[in-house]
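Report on one structure; see the data block that follows.
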Amino acid sequence: MGREPGWRTRAGSLGDRWQARLAARARPRGPVSWPEPRIGGDPARGRQLLKGRIRIGRELVEAPGRSLWELGVEEPESLALHGFGWLDDLLAIGDAAARGRAEAWVADWLDRYGRGTGPGWTSGLSAERLIRLLGHAQALLHPSGVGEERLARAVAAEAAFLERRWRKAPAGRPSVAALAALILAGLALP
């Protein structure tokens, strides 16, 4: 039987939720300098995603034609999807179908969780998401997809959240990723 989270865990989670909602109001103060893509993924995993085969933890979910965010992705094993690692694999394919799917899933995430709600608003996941949004910005900027204004608002919100919460990131990779994401955002945002 699992233990009930302690008061520090609950207080940290409440702090994340509060700061996420505040950060969702952030807007860039000028034009954004979108970086060149430097993140690579696995095209074989990307092709599996295009076929609707999504790996959640050790389980392979068959969901052709469905959004990632319709799959009950609030389970602990699926929280990693909120870090957007799948974006690397989809965009490694390099075709219009993969870009379209990536744009649709990012836009759907923004519709569902972009206002600072949902399970993806932790410093570690936000850092991973921000790194990928910036790293793949060129592919997401199409007006028919996410669009520049919407992507700029999302990047500003992620950066504002991390600026307030990076110190709460667990030691090691999550805290380093949070600082790296903030540096990247500092280079991109005005």
Side-chain angles (χ1 to χ4, degrees), residues 11-39 41 67-70 73-74 78-88 90-91 98-170 173-190:
S13 180
L14 287 173
D16 283 347
R17 283 191 233 144
W18 174 252
Q19 292 301 332
R21 287 192 178 97
L22 288 176
R25 298 178 183 174
R27 301 290 182 263
R29 294 186 176 126
V32 178
S33 299
W34 299 109
E36 289 297 317
R38 289 191 171 90
I39 300 173
S67 172
L68 283 178
W69 318 114
E70 296 172 3
V73 291
E74 295 183 15
S78 57
L79 283 176
L81 295 173
H82 289 272
F84 286 18
W86 48 266
L87 197 54
D88 301 342
L90 270 178
L91 295 176
R99 189 180 68 242
R101 179 74 48 92
E103 290 171 345
W105 285 354
V106 169
D108 192 20
W109 189 92
L110 292 173
D111 290 340
R112 292 171 188 257
Y113 308 115
R115 291 179 198 86
T117 61
W121 288 95
T122 65
S123 50
L125 290 171
S126 178
E128 296 291 330
R129 195 168 46 248
L130 179 55
I131 288 168
R132 288 190 171 89
L133 287 174
L134 287 168
H136 295 299
Q138 298 295 329
L140 299 171
L141 288 174
H142 292 85
S144 62
V146 176
E148 186 168 8
E149 182 180 332
R150 191 168 188 204
L151 186 59
R153 282 195 323 256
V155 166
E158 298 286 354
F161 174 75
L162 282 175
E163 188 175 4
R164 295 175 178 128
R165 300 300 289 176
W166 72 269
R167 287 177 184 84
K168 299 291 182 184
R173 181 179 167 79
S175 62
V176 172
L179 290 172
L182 282 170
I183 290 168
L184 287 172
L187 293 171
L189 294 170

Heavy-atom distance under 4.5 Å between the side chains of [X] and [Y], does that happen here?
X      : Y      : result
Val32  : Val155 : no
Ser126 : Phe161 : yes
Glu163 : Glu158 : no
Arg129 : His82  : yes

Which atom names give the shortest non-hydrogen contact between [X] and [Y], and what distance separates them?
X      : Y      : value
His142 : Gln138 : CE1-O, 4.1 Å
Gly114 : Ala24  : O-CB, 3.6 Å
Leu90  : Ala98  : O-CB, 3.1 Å
Trp69  : Asp108 : CD1-OD2, 3.5 Å
Ala127 : Leu162 : CA-CD1, 3.6 Å
Leu130 : Ala181 : CD2-O, 3.7 Å

**OP:** Step by step, work out the side-chain contact (heavy atoms from CB on, under 4.5 Å) result for Glu70 and Arg112.
**Re:** CA-CA 10 Å; Glu70 296 172 3; Arg112 292 171 188 257; 3.4 Å; yes

**OP:** Please report the C-alpha distance between His136 and Asp88 in whole Å, then the side-chain angles of each, then the deciding distance to 0.1 Å, and finally whether the side-chain contact (heavy atoms from CB on, under 4.5 Å) criterion is met.
**Re:** CA-CA 8 Å; His136 295 299; Asp88 301 342; 2.8 Å; yes

Subject >> Trp121 ring center within less than 6.0 Å of Tyr113 ring center >> reply: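 Aromatic pair excluded; centres sit 6.0 Å or further apart.
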
Original post:
Does the gap between the ring centers of Trp105 and Phe84 come in under 6.0 Å?
Top reply: no

Report the distance from atom [atom1] of [X] to atom [atom2] of [Y], rounding to the nearest 0.5 Å.
X      : Y      : atom1 : atom2 : value
Leu133 : Leu110 : CG    : CG    : 7.0 Å
Arg25  : Arg21  : CZ    : CZ    : 10.5 Å
Arg101 : Ser67  : CZ    : OG    : 9.5 Å
Leu81  : Leu125 : CG    : CG    : 9.5 Å
Gln19  : Leu14  : CD    : CG    : 11.5 Å
Arg132 : Leu87  : CZ    : CG    : 8.0 Å

**OP:** Could you tell me whether Arg173 and Glu128 have a side-chain N and a carboxylate O separated by less than 4.0 Å?
**Re:**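 Yes, charged N to carboxylate O under 4.0 Å.
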
Subject >> Test: Arg150 and Asp111 ion pair at under 4.0 Å >> reply: yes

**OP:** Indicate whether any N or O donor in one side chain lies under 3.5 Å from an N or O acceptor in the other, for Asp16 and Thr122.
**Re:** no

Subject >> Arg29, CZ: over 12 other non-hydrogen atoms inside 6.0 angstrom >> reply: no

